[in-house]
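What follows is a short report on a single structure.
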Amino acid sequence: MESSPAHNTQLKIPFASLATLKLPQIANLKSSTCYSHFGVFDLSRLAREACEAVQNNSGVDVTALQQTLTAFLTITRDDYHRYERNPLEKIEQLVACWFCIRMTKPTLEYTNAPRWHRDGRMFPSDTDAIVNSKYAITLLGNPTRFLEESNLVKDVMKGNQVEQRAKFAELLQGEKEVEIGTGQIARFSWGQDDSPVHSEPDMNTDRIFVSILYGSEQDIRNMCEWREEEYRE
(Lines give C-alpha, C1' and ligand atoms only; values in the text may rest on other atoms or scores of the structure.)
Protein backbone atom coordinates (compact mmCIF):
# COMPACT_ATOMS: atom_id res chain seq x y z
CA MET A 1 0.00 0.00 0.00
CA GLU A 2 1.32 3.44 -0.90
CA SER A 3 0.96 6.49 1.32
CA SER A 4 -1.39 9.23 0.25
CA PRO A 5 -0.08 12.25 -1.73
CA ALA A 6 -1.09 14.57 1.10
CA HIS A 7 0.96 12.53 3.54
CA ASN A 8 4.05 12.57 1.31
CA THR A 9 3.74 16.32 0.68
CA GLN A 10 3.36 17.21 4.34
CA LEU A 11 6.31 15.07 5.39
CA LYS A 12 8.58 17.30 3.31
CA ILE A 13 7.60 20.38 5.32
CA PRO A 14 9.84 20.85 8.40
CA PHE A 15 7.68 23.68 9.76
CA ALA A 16 3.99 24.51 9.58
CA SER A 17 1.70 27.03 11.26
CA LEU A 18 -1.59 25.51 12.32
CA ALA A 19 -4.66 27.01 14.00
CA THR A 20 -4.65 30.14 16.13
CA LEU A 21 -6.36 29.68 19.49
CA LYS A 22 -7.95 32.18 21.83
CA LEU A 23 -5.69 32.42 24.87
CA PRO A 24 -6.93 32.55 28.47
CA GLN A 25 -6.08 35.42 30.79
CA ILE A 26 -3.14 34.37 32.98
CA ALA A 27 -1.43 36.53 35.61
CA ASN A 28 0.79 36.38 38.68
CA LEU A 29 2.96 33.40 37.83
CA LYS A 30 4.37 32.27 41.17
CA SER A 31 7.50 30.33 40.20
CA SER A 32 9.39 28.58 37.42
CA THR A 33 8.16 25.02 37.23
CA CYS A 34 7.22 22.31 34.75
CA TYR A 35 4.39 19.83 34.28
CA SER A 36 5.47 16.83 32.23
CA HIS A 37 3.69 13.65 31.18
CA PHE A 38 5.37 10.71 29.47
CA GLY A 39 2.82 8.00 28.76
CA VAL A 40 -0.64 7.12 27.52
CA PHE A 41 -2.46 9.83 25.56
CA ASP A 42 -5.71 10.51 27.42
CA LEU A 43 -6.99 13.88 26.25
CA SER A 44 -9.36 14.61 29.13
CA ARG A 45 -6.84 13.58 31.79
CA LEU A 46 -4.02 15.59 30.20
CA ALA A 47 -6.18 18.71 29.92
CA ARG A 48 -7.33 18.34 33.53
CA GLU A 49 -3.86 17.76 34.98
CA ALA A 50 -2.35 20.58 32.94
CA CYS A 51 -5.08 22.98 34.08
CA GLU A 52 -4.41 22.05 37.68
CA ALA A 53 -0.68 22.62 37.25
CA VAL A 54 -1.17 26.09 35.77
CA GLN A 55 -3.91 27.00 38.25
CA ASN A 56 -1.71 26.03 41.21
CA ASN A 57 1.04 28.32 39.94
CA SER A 58 -0.86 31.38 38.70
CA GLY A 59 -4.09 33.31 38.50
CA VAL A 60 -6.01 31.94 35.52
CA ASP A 61 -9.51 31.59 34.12
CA VAL A 62 -9.68 27.79 34.47
CA THR A 63 -12.65 27.35 32.13
CA ALA A 64 -10.93 29.30 29.35
CA LEU A 65 -7.66 27.44 29.95
CA GLN A 66 -9.45 24.08 29.76
CA GLN A 67 -10.97 25.08 26.43
CA THR A 68 -7.62 26.21 25.01
CA LEU A 69 -5.74 23.09 26.11
CA THR A 70 -8.49 20.79 24.88
CA ALA A 71 -8.43 22.51 21.49
CA PHE A 72 -4.62 22.28 21.34
CA LEU A 73 -4.63 18.56 22.14
CA THR A 74 -7.45 17.85 19.70
CA ILE A 75 -5.94 19.80 16.79
CA THR A 76 -2.45 18.37 17.22
CA ARG A 77 -3.70 14.79 17.66
CA ASP A 78 -5.76 15.06 14.49
CA ASP A 79 -2.87 16.62 12.59
CA TYR A 80 -0.57 13.82 13.69
CA HIS A 81 -3.09 11.23 12.47
CA ARG A 82 -3.39 13.06 9.16
CA TYR A 83 0.24 13.77 8.32
CA GLU A 84 2.83 12.56 10.79
CA ARG A 85 2.09 8.95 11.58
CA ASN A 86 3.16 6.07 9.36
CA PRO A 87 0.23 5.65 6.91
CA LEU A 88 0.61 1.87 7.18
CA GLU A 89 -0.05 1.94 10.94
CA LYS A 90 -3.50 1.64 12.42
CA ILE A 91 -4.74 4.81 14.13
CA GLU A 92 -5.22 2.80 17.31
CA GLN A 93 -1.43 2.51 17.57
CA LEU A 94 -1.20 6.17 18.61
CA VAL A 95 -1.38 5.62 22.32
CA ALA A 96 1.38 7.72 23.82
CA CYS A 97 2.91 11.17 24.03
CA TRP A 98 5.27 13.52 25.83
CA PHE A 99 3.19 16.50 26.96
CA CYS A 100 4.98 19.37 28.66
CA ILE A 101 4.08 22.77 30.10
CA ARG A 102 7.02 25.00 31.06
CA MET A 103 6.21 27.95 33.31
CA THR A 104 9.10 30.37 33.58
CA LYS A 105 9.70 33.57 35.53
CA PRO A 106 11.54 36.41 33.75
CA THR A 107 15.15 35.78 32.79
CA LEU A 108 17.73 37.62 30.67
CA GLU A 109 19.40 34.38 29.57
CA TYR A 110 18.19 34.59 25.97
CA THR A 111 17.96 38.37 25.55
CA ASN A 112 21.41 38.93 24.08
CA ALA A 113 22.37 35.37 23.09
CA PRO A 114 19.60 33.24 21.58
CA ARG A 115 20.06 29.46 21.87
CA TRP A 116 19.82 28.68 18.17
CA HIS A 117 19.60 24.93 17.65
CA ARG A 118 17.96 22.12 15.73
CA ASP A 119 16.21 19.49 17.84
CA GLY A 120 17.99 16.14 17.71
CA ARG A 121 16.53 12.66 18.00
CA MET A 122 13.86 12.32 20.67
CA PHE A 123 13.59 8.54 20.35
CA PRO A 124 14.75 5.83 17.91
CA SER A 125 12.32 5.71 14.98
CA ASP A 126 11.27 2.37 13.57
CA THR A 127 10.77 3.88 10.12
CA ASP A 128 13.52 6.17 8.83
CA ALA A 129 11.20 7.63 6.18
CA ILE A 130 8.84 9.08 8.77
CA VAL A 131 9.54 12.66 9.82
CA ASN A 132 8.50 13.11 13.43
CA SER A 133 7.41 16.48 14.77
CA LYS A 134 6.73 18.40 17.94
CA TYR A 135 3.74 20.71 18.36
CA ALA A 136 3.90 23.87 20.45
CA ILE A 137 1.99 26.95 21.55
CA THR A 138 2.85 29.82 23.90
CA LEU A 139 0.05 30.66 26.35
CA LEU A 140 1.83 33.58 28.01
CA GLY A 141 4.82 35.68 26.97
CA ASN A 142 6.74 35.77 23.71
CA PRO A 143 6.50 32.88 21.21
CA THR A 144 9.42 30.66 20.29
CA ARG A 145 11.71 32.16 17.63
CA PHE A 146 12.24 30.25 14.37
CA LEU A 147 14.74 31.12 11.65
CA GLU A 148 13.93 30.75 7.99
CA GLU A 149 16.28 28.24 6.38
CA SER A 150 19.03 29.90 4.33
CA ASN A 151 22.51 29.07 3.09
CA LEU A 152 24.01 31.00 6.00
CA VAL A 153 21.83 29.18 8.52
CA LYS A 154 22.82 25.83 7.02
CA ASP A 155 26.53 26.68 7.12
CA VAL A 156 26.49 28.05 10.67
CA MET A 157 24.50 25.13 12.08
CA LYS A 158 27.15 22.66 10.96
CA GLY A 159 29.09 23.69 14.06
CA ASN A 160 28.57 22.53 17.64
CA GLN A 161 25.33 24.20 18.68
CA VAL A 162 26.05 23.75 22.38
CA GLU A 163 29.67 24.87 22.58
CA GLN A 164 29.30 27.68 20.02
CA ARG A 165 26.07 29.25 21.23
CA ALA A 166 27.48 32.78 21.52
CA LYS A 167 29.15 32.53 18.11
CA PHE A 168 25.95 31.25 16.50
CA ALA A 169 24.00 34.15 18.01
CA GLU A 170 26.47 36.61 16.55
CA LEU A 171 26.63 35.03 13.09
CA LEU A 172 22.86 34.63 12.77
CA GLN A 173 21.98 38.07 14.04
CA GLY A 174 19.61 39.73 11.58
CA GLU A 175 18.62 36.51 9.81
CA LYS A 176 14.97 36.46 8.75
CA GLU A 177 12.61 34.85 11.25
CA VAL A 178 9.35 33.00 10.71
CA GLU A 179 6.38 35.03 11.90
CA ILE A 180 4.44 33.32 14.69
CA GLY A 181 1.16 34.90 15.72
CA THR A 182 -0.16 35.13 19.26
CA GLY A 183 -1.90 31.87 20.13
CA GLN A 184 -0.69 30.10 16.99
CA ILE A 185 0.16 26.39 17.05
CA ALA A 186 3.45 25.49 15.39
CA ARG A 187 4.48 22.08 14.11
CA PHE A 188 8.21 21.55 13.64
CA SER A 189 10.27 18.47 12.88
CA TRP A 190 13.10 17.02 14.93
CA GLY A 191 16.04 14.79 14.13
CA GLN A 192 16.34 15.91 10.50
CA ASP A 193 19.07 17.86 8.71
CA ASP A 194 16.54 20.57 7.86
CA SER A 195 14.63 20.58 11.16
CA PRO A 196 13.87 24.24 11.96
CA VAL A 197 16.51 26.28 13.77
CA HIS A 198 14.85 27.85 16.79
CA SER A 199 15.45 29.41 20.19
CA GLU A 200 13.68 30.55 23.29
CA PRO A 201 12.58 34.18 22.86
CA ASP A 202 13.47 37.19 24.95
CA MET A 203 11.95 36.05 28.25
CA ASN A 204 11.81 39.34 30.13
CA THR A 205 8.24 38.56 31.24
CA ASP A 206 6.45 35.52 32.67
CA ARG A 207 6.13 32.75 30.07
CA ILE A 208 4.08 29.56 29.70
CA PHE A 209 5.11 27.27 26.85
CA VAL A 210 3.16 24.15 25.91
CA SER A 211 4.44 21.32 23.69
CA ILE A 212 3.49 17.78 22.77
CA LEU A 213 5.22 14.99 20.90
CA TYR A 214 3.28 11.91 19.78
CA GLY A 215 4.45 8.37 19.21
CA SER A 216 3.75 4.72 19.82
CA GLU A 217 3.96 3.25 23.29
CA GLN A 218 7.39 1.87 22.45
CA ASP A 219 8.57 5.25 21.10
CA ILE A 220 7.72 7.01 24.35
CA ARG A 221 9.06 4.15 26.48
CA ASN A 222 12.36 4.50 24.58
CA MET A 223 12.26 8.23 25.28
CA CYS A 224 11.69 7.57 28.98
CA GLU A 225 14.69 5.25 29.01
CA TRP A 226 16.90 7.92 27.46
CA ARG A 227 15.68 10.63 29.84
CA GLU A 228 15.30 8.42 32.92
CA GLU A 229 11.60 9.25 33.17
CA GLU A 230 8.69 7.09 34.26
CA TYR A 231 6.13 5.93 31.70
CA ARG A 232 2.61 6.64 32.94
CA GLU A 233 -0.24 4.29 32.07
Side-chain angles (χ1 to χ4, degrees), residues 15-80 84 96-111 114-117 119 122 133-147 177-190 196-214 220 229 232:
F15 177 90
S17 297
L18 305 183
T20 298
L21 304 183
K22 182 178 180 180
L23 299 182
Q25 293 295 317
I26 305 175
N28 303 322
L29 195 66
K30 298 175 184 177
S31 64
S32 295
T33 187
C34 179
Y35 162 84
S36 197
H37 169 92
F38 294 84
V40 172
F41 177 80
D42 181 329
L43 193 154
S44 60
R45 184 178 80 171
L46 292 178
R48 183 182 68 254
E49 290 184 356
C51 279
E52 291 174 355
V54 176
Q55 182 183 21
N56 291 336
N57 196 43
S58 69
V60 62
D61 181 335
V62 178
T63 300
L65 177 62
Q66 178 90 21
Q67 292 173 346
T68 300
L69 290 176
T70 298
F72 173 77
L73 292 169
T74 300
I75 291 168
T76 57
R77 176 202 60 191
D78 292 349
D79 186 81
Y80 178 86
E84 295 297 316
C97 67
W98 170 36
F99 180 46
C100 180
I101 298 184
R102 298 186 186 279
M103 294 172 270
T104 312
K105 294 297 293 179
T107 174
L108 298 178
E109 181 178 356
Y110 309 102
T111 301
R115 188 175 68 96
W116 296 121
H117 65 285
D119 283 347
M122 299 293 182
S133 294
K134 181 189 291 186
Y135 298 84
I137 187 172
T138 303
L139 299 184
L140 180 67
N142 296 320
T144 300
R145 299 172 66 184
F146 291 90
L147 290 180
E177 298 186 29
V178 177
E179 292 186 10
I180 302 292
T182 301
Q184 193 161 44
I185 301 172
R187 181 185 75 212
F188 53 106
S189 71
W190 51 261
V197 175
H198 60 287
S199 171
E200 294 82 355
D202 185 351
M203 293 167 58
N204 59 357
T205 61
D206 291 343
R207 186 171 190 253
I208 299 181
F209 174 76
V210 181
S211 65
I212 192 164
L213 181 156
Y214 294 102
I220 304 304
E229 296 286 347
R232 298 179 63 195

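Heavy atoms only: backbone and side chains are in, while hydrogens, waters and symmetry mates are out.
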Measure the spacing between [atom1] of [X] and [atom2] of [Y] and express it to the nearest 0.5 Å.
X	Y	atom1	atom2	value
I137	I212	CD1	CD1	12.5 Å
E109	E200	CD	CD	7.0 Å
T182	L21	OG1	CG	12.0 Å
I185	S211	CD1	OG	12.5 Å
F209	N142	CZ	CG	13.0 Å
F99	T76	CZ	OG1	8.0 Å

Shortest non-hydrogen contact between [X] and [Y], atoms and distance:
X	Y	result
A136	F72	C-CE1, 4.0 Å
S189	S133	CA-OG, 3.6 Å
I180	T144	CG1-O, 4.1 Å
L23	T138	CD1-O, 3.7 Å

For this session: Scan residues 46-60 for pairs that pass side chain to side chain donor-acceptor pair (under 3.5 Å), counting only residues two or more places apart or in two chains.
Result: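 Sorted pair list: S31-N57, Y35-E49, E49-R232.
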
For this session: Using the test salt bridge (Lys or Arg N to Asp or Glu O under 4.0 Å), find all partners of K30 that sit at least two apart in sequence or belong to another chain.
Result: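 Partners of K30 by the salt bridge (Lys or Arg N to Asp or Glu O under 4.0 Å) criterion come out as none, since no residue qualifies.
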
For this session: Decide yes or no for C34 and C100: does some side-chain heavy atom of the first lie under 4.5 Å from some side-chain heavy atom of the second?
Result: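 The answer is yes; the side chains approach within 4.5 Å.
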
Problem set entry | Residue pair C97 / L73, side-chain heavy-atom distance below 4.5 Å |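 With C-beta onward as the side chain, the pair stays apart.
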
For this session: Name the orientation class of the two ring planes belonging to Y214 and Y135 (parallel below 30°, tilted from 30 to 60°, perpendicular beyond 60°).
Result: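 Rings of Y214 and Y135: perpendicular, as their planes differ by over 60°.
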
For this session: Fit a plane to each ring of F38 and W98, take the angle between them on a 0 to 90° scale, and name the class: parallel (under 30°), tilted (30 to 60°) or perpendicular (over 60°).
Result: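 F38 and W98: parallel rings.
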
Exercise. Name the one of I26, I208, L139 that satisfies side-chain contact (heavy atoms from CB on, under 4.5 Å) with M103?
Worked result: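 Running side-chain contact (heavy atoms from CB on, under 4.5 Å) over I26, I208, L139 with M103 returns exactly one hit, I208.
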
For this session: Report the C-alpha distance between T205 and L140 in whole Å, list the side-chain angles of each, state the deciding distance to 0.1 Å, and finish with yes or no for side-chain contact (heavy atoms from CB on, under 4.5 Å).
Result: CA-CA 9 Å; T205 61; L140 180 67; over 6 Å; no

Is [X] reaching over with its side chain to a backbone N or O of [Y], donor-acceptor style, under 3.5 angstrom?
X	Y	answer
S199	R115	yes
H117	H198	yes
T68	K22	yes
S32	K105	yes

Exercise. What residues, two or more places apart in sequence or in another chain, satisfy side chain to side chain donor-acceptor pair (under 3.5 Å) together with D202?
Worked result: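 Result, side chain to side chain donor-acceptor pair (under 3.5 Å) vs D202: T111.
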
Exercise. Passes side-chain contact (heavy atoms from CB on, under 4.5 Å), W116 versus R145? Steps please.
Worked result: CA-CA 9 Å; W116 296 121; R145 299 172 66 184; 3.7 Å; yes

